[in-house]
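These values consider heavy atoms only, across backbone and side chains, with no hydrogens, waters or symmetry-generated copies. Chain letters run A, B, ... following the sequence lines, proteins first and then strands; every chain starts at 1.
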2 protein chains.
Amino acid sequence: MADSFGPPIGLVLSQTAKTVSRVFDDALAAVGGSVPIWLVLLTLKSRRPANQRELARAVGIQGATLTHHLNAMEADGLITRRRDPANRRIHQVTLTERGEELFLKLAAAAQSHDQRLRQGLAPEEIATLHRLLNRLQDNVTAEPPDTGRPDGSLQCPPENE
Amino acid sequence: MADSFGPPIGLVLSQTAKTVSRVFDDALAAVGGSVPIWLVLLTLKSRRPANQRELARAVGIQGATLTHHLNAMEADGLITRRRDPANRRIHQVTLTERGEELFLKLAAAAQSHDQRLRQGLAPEEIATLHRLLNRLQDNVTAEPPDTGRPDGSLQCPPENE
DNA sequence: TATTGTTATACTCTATAACTATA
DNA sequence: TATAGTTATAGAGTATAACAATA
């Protein structure tokens, strides 16, 4: 593993993300939210997706998984789903007053979390970090080397037991 | 959120980690493993922890969670648990032949994954990435700012080295 | 009583497959 | 038949609380 130069970056990356995510989870939970809720609200506010599939894709989850979250959010009075009169298959997702309020709280928590993360880092360092992280993502999404799957479409017969 | 300078790094970090982790998961699954299994095997091989608590802490999970994984791994014939004659409370975890074999396969997959990740990145850039990621982790583990958790518990668990 | 680990239970996030309803 | 979304089900990973065994 430490073959080329140093510990596996994948390991460092996932451990860092795990630690940081837990703190973020706690911060969002402290004001009554969660990461999926935050991402859904953020996407609704910032991107105004035309339908749920688009929303799911933007959040990075499957449609059924999104439904799962939307059910909970609707039960909590954060959103409403109305059918589009023009195309009644489409459910238009809208934030309620409570949803807007929670969005603000979560946004504040997210921003505070981000400020904390940025402590002691110069803007150029942040930019470098972005660039390097994007590079990792590109490395892994483009051209599968051998064993992996590119976008999850192919199912390599696993040698699971 | 894009208040200070650019998109939240926490978001970029978690999205990158998610994408990269999924590819890594697939790579490990393709040879019959998983991330927790890999971390357990790797820790056993590299650190020879004295007991399960130490192992759990090194992997970054709770003791009960570790038991969960060890049960599955023992059922799969990857490890054995024997009581330490000197202190019969302690279960000594040892890799079986199959465990050693799987370790090698997972190590190869992990290394291949890591090489893929490093593509197009100079050693200095990798080093910079490590430094920046560690900084993020430190920022988040040291001195909690204010937003506590609802149950009032303290948040400084991992200490993942 | 303290320590080590297990069992029982449950939660969150995720996914796939089958289904309903529209078009 | 194709598209949008839901329901049903499942599985992985994690956690807490209560417990047993040992010291």
Side-chain angles (χ1 to χ4, degrees), chain A residues 14 17-19 21-22 24-26 28-29 32-40 49-57 59-76 79-93 149 151-153 155 158 160, chain B residues 14-15 17-19 21-22 24-26 28-29 32-40 49-57 59-76 79-93 149-153 155 157-158:
Chain A
S14 69
K18 190 174 179 180
T19 304
S21 286
R22 280 186 185 174
F24 190 43
D25 291 349
D26 288 345
L28 294 185
S34 71
V35 170
I37 290 177
W38 165 237
L39 291 178
V40 167
N51 56 37
Q52 290 189 193
R53 306 194 88 179
E54 216 178 294
L55 177 55
R57 212 173 116 261
V59 172
I61 56 180
Q62 295 303 115
T65 306
L66 177 63
T67 296
H68 176 73
H69 293 301
L70 291 183
N71 286 346
M73 291 174 72
E74 193 171 32
D76 263 17
I79 56 143
T80 57
R81 279 182 283 196
R82 255 168 299 153
R83 303 186 95 108
D84 183 343
N87 182 347
R88 292 184 40 76
R89 287 176 301 186
I90 291 180
H91 285 200
Q92 292 174 325
V93 181
R149 3 186 203 151
D151 59 324
S153 52
Q155 183 69 271
N160 291 334
Chain B
S14 70
Q15 282 177 344
K18 191 175 178 179
T19 304
S21 286
R22 279 186 185 174
F24 189 43
D25 291 350
D26 288 346
L28 294 185
S34 70
V35 171
I37 289 176
W38 165 237
L39 292 178
V40 167
N51 56 39
Q52 289 189 195
R53 307 194 86 178
E54 216 178 293
L55 176 55
R57 209 171 121 262
V59 173
I61 57 180
Q62 295 304 115
T65 306
L66 177 63
T67 296
H68 177 72
H69 293 301
L70 291 183
N71 286 345
M73 291 174 72
E74 193 171 32
D76 264 17
I79 55 143
T80 57
R81 279 182 282 195
R82 254 169 298 152
R83 305 185 95 108
D84 183 344
N87 180 347
R88 292 184 39 78
R89 288 176 302 188
I90 291 180
H91 285 200
Q92 291 174 326
V93 182
R149 316 213 270 183
D151 62 345
S153 61
Q155 44 174 217

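No hydrogens or angles considered: nothing links the side chains of Asn51(A) and Arg53(A) as a donor-acceptor pair under 3.5 Å.
Distances shown here put a side-chain N or O of Gln52(A) below 4.0 Å from the OP1 or OP2 atom of dT6(D). An OP1 or OP2 oxygen of dT7(D) is reached within less than 4.0 angstrom by a side-chain nitrogen or oxygen of Asn71(A). Residue Lys18(A) has a polar side-chain atom (N or O) positioned under 4.0 Å from OP1 or OP2 of dT14(D).
Comparing the helix axis at one end of the helix from dT1(C)-dA23(D) to dA23(C)-dT1(D) with that at the other, each defined from 5 consecutive pairs, gives an inter-axis angle of 30° (nearest 10°).
Applying the side chain to side chain contact (heavy atoms under 4.5 Å, CB included) criterion to Ser21(A), with sequence neighbours excluded, gives Ser14(B). In this structure Leu66(B) satisfies the side chain to side chain contact (heavy atoms under 4.5 Å, CB included) test together with Val40(B), Gln52(B), Leu55(B), Ala56(B), Ile61(B), Leu70(B), sequence neighbours excluded. Annotation: side chain to side chain contact (heavy atoms under 4.5 Å, CB included) contacts of Arg83(A) (sequence neighbours excluded): Arg88(A), His91(A).
Glu74(A) CD to His69(A) NE2: the interatomic distance, rounded to the nearest 0.5 Å, is 15.0 Å.
Position along DNA chain C of the nearest nucleotide to Arg22(B) versus Ala50(B) favours Ala50(B) as the more 5'-ward residue.
Distance, Leu39(A) CG to dT12(C) C1': 14 Å, rounded to whole Å.
Of the residues in residues 63-70 of chain B, those with a non-hydrogen atom less than 4.0 angstrom from any atom of DNA chain C are Ala64(B), Thr67(B).
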Sort me out a list of protein N/O and nucleotides 19-23 of chain C N/O pairs below 3.5 Å, or just none if empty.
from    : atom 1 : to       : atom 2 : distance (Å)
dT22(C) : OP1    : Arg83(A) : NH2    : 3.0
dA23(C) : OP1    : Arg88(A) : N      : 2.7

